[in-house]
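Please read the structure below before turning to the comments.
Ligands are counted one by one from 1 in listed order, and the atoms in each one are counted from 1 as well.
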Amino acid sequence: MVKKIGILTGGGDCPGLNPAIRGVVFKAIDYNFKTLGIQEGWKGLIEGNVLPLGLSDVEETVDCGGTILGASRVNPYKVDGGIEKVLANIKEYELSALVVMGGEDTLGVSNRLFKERGLKIVGVPKTMDNDLSGTDYTFGFDTSVTRAMDAMKSLKDTGSSHRRVMVLEVMGRHAGWVALFTGISSGADWILIPEFKTDFDRMCQHLLDVYKRKKYALVVTSEGIEMPEMKTGKEELDQFGHMILRKRGVGENLAQLINKKTGIETRSAVIGHMQRGGPPTLFDRILGTRCGVKAVDLIAQEKFGRMAALRSNEIIDISLDEAVAKLKTVNEGWWNLAKVFFK
Ligand code: F6P
């Protein structure tokens with residue numbers, strides 16, 4: 001019987017997913033596997049929303065952001081009878097294996113389904129947060145940092161004209177990779193990330209010093225930092241129990257604090273979902289493509305419960321266990337690099 005592979009993209013979308021899906025579909029042809037597109041993540045397997053996916057659906061998508069399959073944050077373990085429906089639909093559509101593209105939440109569900117239900121799953125690491133263990137980078141990260149870097153250039157132009165401090169709030173959840181790379185690559189004068197506590201007095205003194213030299217200053221903050229006496233907005237949770245951090249308004253709170261402590265006019269901007277869309281960068285197109293192709297090789301070799309991963313520029317496979325065991329956060333070495341430029 002011809003193997004049928006179901007492809008699913010779960011969690012937040014990110015650039016690089018379409019190249020990865022395309023990689024799966026093209027490589028599947030080499031093994032004579034059929035491919036089906038599961039719509040909107042786990043939701044599609046719960047509801048039986050699964051469509052044929054062929055060459056003509058993917059051949060023009062390498063330069064497209066988002067995911068042609070749609071995405072959702074639906075967790076089948078949190079839906080009444082969700083797992084039973086997933087199993088029933090896998091049977092109904094005669095799916096021999098699944099390629100699941102996701103971050104820690106989606107791949108965490110995959111790992112449980114592999115271990116508890118014996119599902120034949122291989123993982124593909126995607127997330128703009130770059131916080132999955134076992135892989136040097138996840139696709140989506142490079143593009144979203146590139147978008148944020150461009151935004152910083154705009155903030156620099158207007159900030160230097162108006163002699164202001166400009167604060168950019170970026171996504172990244174509880175890992176500071178996006179803020180760190182955005183800040184270093186755009187010449188920010190201070191970077192705030194969740195992994196390392198900020199000394200706000202030191203930061204403000206430093207901004208005053210910088211301001212004396214160049215009459216403006218740039219700050220990047222991760223959405224996930226903690227601030228003293230922050231007036232928080234609504235704290236909503238998604239189905240994986242994650243707080244929607246963007247709604248806390250960290251960037252604006254930070255701008256007000258800087259303004260109060262330094263007396264310098266300060267403005268904040270939130271790049272939000274704009275940094276998650278648009279065409280993938282070269283790096284994300286290549287990484288997505290390589291991971292998609294690798295996933296099909298893993299299925300052909302019956303290496304289930306594994307995930308394609310990038311290590312020292314090679315695509316290898318690691319266990320899903322290793323990938324989701326703990327969040328990959330910014331380490332001391334990277335933080336020390338950022339601090340070189342706080343002068
Ligand atoms: O995990 C990716 C991410 O973009 C985070 O950086 C951010 O906190 C979150 O998703 C936003 O989620 P949503 O698109 O559901 O608002």
### Query
Could Arg22 and Phe26 be counted as a cation-pi pair, given that NZ or CZ must be under 6.0 Å from the ring centre and within 45° of the axis?
yes
### Near-ring test Phe181/Trp334, centroid separation under 6.0 angstrom
yes
### Message
Check the orientation of Trp335 and Phe196. Use parallel for under 30°, tilted for 30 to 60°, and perpendicular for over 60°.
### Response
parallel
### Qualifying residues under side-chain contact (heavy atoms from CB on, under 4.5 Å), relative to Asp238, sequence neighbours excluded
Arg73, Arg173, Phe240, His242
### Summary
Pocket residues around ligand 1 (non-hydrogen, under 4.0 Å) come out as Arg73, Met128, Asp129, Met171, Gly172, Arg173, Glu223, Arg246, His273, Arg276
### Task
Flag yes if more than 12 heavy atoms outside Asn336 fall under 6.0 Å of its CG atom; otherwise flag no.
yes
### Query
In Å and rounded to the nearest 0.5 Å, what is the OG to CH2 distance from Ser222 to Trp177?
12.5 Å
